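Positions are given from 1, in the same order as the sequence printed here. Not measured: the values here are computed from a predicted model. These numbers come from the heavy atoms of this one structure, side chains and all, not from hydrogens, waters or symmetry mates.
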Amino acid sequence: MSFSPLPPLGGESCPYFAPFLGLAGAGCAMIFSALGAAYGTAKSGIGIAGLGQVKPELMMKSLIPVVMAGIVGVYGLVVAVLIANDLNPARDYSLYAGCVHLAAGLATGFSGLAAGFAIGLVGDAGVRSYLYQPKLFVGMVLILIFAEVLGLYGLIVSLILNTKATSNCSA
């Protein structure tokens with residue numbers, strides 16, 4: 001008599017490739033959000049470097065776009081960790097859960113990528129404009145907030161999707 005602690009895989013509701021979809025979702029959340037954060041940081045950093053050559057005293061106040069771009073990367077990290085917590089080789093993992101986790105990862109990843117691009121472009125142009133007209137600072141921050149919210153929308157959708165992921169392989 002042999003005892004296997006692993007759940008039965010390979011059925012119609014729990015195929016062998018289902019965990020791959022969940023892992024792909026976690027990877028997409030992290031990879032695309034990190035790409036957006038990296039682009040936003042790099043693009044904004046270029047503007048900050050240009051500003052620092054002319055008025056170095058404005059550099060600390062101009063780091064807001066870089067911080068906001070980094071937050072986009074954290075959104076992807078949160079979703080990737082949530083998805084990874086549902087992946088356990090000792091428990092059932094259904095095709096439905098895999099598809100939901102893939103959708104959650106893609107939602108956060110692509111919205112993080114879009115938010116990072118928007119933050120980078122607005123941050124670069126806004127910091128350079130702030131150099132010549134300090135009154136533009138509040139407007140730049142407001143636009144950056146609206147760009148950041150794009151990533152937050154993806155995080156919210158992913159959190160809602162993650163609550164719907166159920167794994168029942170007995171059916």
Could you state the interatomic distance from CG (L63) to OG1 (T41), rounded to the nearest 0.5 Å? 10.5 Å
Answer whether the closest heavy-atom distance between the side chains of L144 and P65 falls below 4.5 Å. yes
Side-chain heavy atoms under 4.5 angstrom apart, residues restricted to Ile, Leu, Val, Met, Phe, Trp, Tyr: same cluster for V127 and F137? yes
To the nearest 0.5 Å, what is the distance between CG on L106 and CG on L161? 10.5 Å
What is the distance from atom OG1 of T108 to atom CG of L77, rounded to the nearest 0.5 Å? 11.0 Å
For a quick test of reading the model, state the closest non-hydrogen atom pair linking A165 to V100 and the distance between them. CB-CG1, 3.8 Å
With side chains defined as the heavy atoms from C-beta onward, is the minimum distance between L51 and E57 less than 4.5 Å? no
Residues L23, I83; criterion side chain to side chain contact (heavy atoms under 4.5 Å, CB included); working and verdict: CA-CA 8 Å; L23 290 169; I83 293 171; over 6 Å; no
Write down the atom of A147, the atom of A115, and the distance for their closest heavy-atom approach. O-CB, 3.4 Å
First locate atom CG of L95, then atom CZ of F17, and finally report the distance between them rounded to the nearest 0.5 Å. 5.0 Å
Rounded to the nearest 0.5 Å, how far apart are CG of L136 and OH of Y130? 10.5 Å
Does some side-chain heavy atom of F117 sit less than 4.5 Å from a side-chain heavy atom of K43? no
Are V66 and I48 side-chain neighbours, meaning at least one heavy-atom pair lies under 4.5 Å? yes
Do you reckon L152 sits in the same ILVMFWY cluster as V122, going by side-chain contacts under 4.5 Å, direct or chained? no
Hphob cluster co-occupancy, V74 + V149, side-chain heavy atoms under 4.5 angstrom: no
For the atom pair CG (D124) and CE (M140), what is the distance rounded to the nearest 0.5 Å? 11.0 Å
Does any N or O in the side chain of S33 come within less than 3.5 Å of the main-chain N or O of M30, such that one atom is a donor and the other an acceptor? no
Residue pair S94 / C14: nearest heavy atoms and the distance that separates them: CA-SG, 3.5 Å
If you draw a 6.0 Å radius around OH in Y153, do more than 12 non-hydrogen atoms from other residues or ligands fall strictly inside? no
Would you please test V79 and N162 for side chain to side chain contact (heavy atoms under 4.5 Å, CB included) and show each step? CA-CA 9 Å; V79 171; N162 194 46; over 6 Å; no
Considering all heavy atoms, the nearest V72-G112 contact: CG1-O, 3.2 Å
Less than 4.5 Å apart, side chain to side chain, heavy atoms only: is that true for Y75 and E148? yes
Which atoms form the tightest heavy-atom contact between S111 and G154, and what is the distance? OG-CA, 3.1 Å
Between V67 and V138, is there a shared hydrophobic cluster once you connect ILVMFWY residues whose side-chain heavy atoms come closer than 4.5 Å? no
Any link between I64 and L131 through a network of hydrophobic side chains (Ile, Leu, Val, Met, Phe, Trp, Tyr) touching at under 4.5 Å? yes
For Y93 and H101, does a side-chain donor sit closer than 3.5 Å to a side-chain acceptor? yes
Where the side chain of S158 meets the backbone of A104, is there a donor-acceptor pair that is under 3.5 Å apart? yes
Restricting to non-hydrogen atoms, name the atom on A69 and the atom on G40 that form the minimum distance, rounded to 0.1 Å. CB-C, 3.8 Å
